[in-house]
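Below: the structure, in structure tokens.
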Amino acid sequence: MKNGVVLDPLEILKLLSSKPIVVGLAITGAVFTILPNLFSRKPTVENLTIDDDSENRDGTRSTRGKLANKIGYWFMGLSVFLFIVAGFIVDL
């Protein structure tokens, strides 16, 4: 309680499930998920195809790529959860 301002849990949920926050989380998650695939392989004459195979030559994915994918999916999952919460809060 700072300066007499108290937000109840419903107001906090309304704030967190607002459209700009939900869309921002979804876009941030999409960027985190796409980046490892964009930077994983450099295009050469041999591999001009676009695919989801972002493995290294030894068949493993980089740990940074895995982490970025996990962070991206967490952001997108949080966005979906807050979108659902927003649907329920509208009726209150």
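Keep in mind that the numbers below use all heavy atoms, side chains included, and drop hydrogens, waters and symmetry copies.
Transitive grouping of hydrophobic side chains (ILVMFWY, heavy atoms separated by less than 4.5 Å) keeps Phe88 and Ile12 in distinct clusters. Both Val22 and Leu78 belong to a single network of hydrophobic side chains, linked directly or stepwise wherever heavy atoms of I, L, V, M, F, W or Y lie under 4.5 Å apart. Connection of Leu82 to Leu7 is established within a shared hydrophobic cluster, with ILVMFWY side chains joined at heavy-atom distances below 4.5 Å, either directly or through further cluster members. Using a 4.5 Å cut-off between side-chain heavy atoms of Ile, Leu, Val, Met, Phe, Trp and Tyr, with links allowed through other members, Val80 and Val90 fall into different hydrophobic clusters. Leu16 and Trp74 fall into different hydrophobic clusters, where Ile, Leu, Val, Met, Phe, Trp and Tyr are joined by side-chain heavy atoms under 4.5 Å apart, directly or via other members.
One distance of note links NZ of Lys19 with CZ of Phe83; it measures 9.5 Å at 0.5 Å rounding. Separation of atoms CG (Leu15) and CG (Leu10) is listed at 11.5 Å; rounding is to 0.5 Å. Here Leu25 contributes atom CG and Ser17 contributes atom OG; the two are 11.0 Å apart, rounded to the nearest 0.5 Å. Rounded to the nearest 0.5 angstrom, Thr63 OG1 and Lys70 NZ are separated by 10.5 Å.
Of the possible polar contacts, one joining the Thr33 side chain to the Gly29 backbone as a donor-acceptor pair under 3.5 Å is found.
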Worked check of side chain to side chain contact (heavy atoms under 4.5 Å, CB included) between Leu35 and Val31
CA-CA 6 Å; Leu35 282 179; Val31 168; 3.8 Å; yes

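Pairing each heavy atom of Pro36 with each of Ala68, the nearest pair is CG-CB, 3.5 Å.
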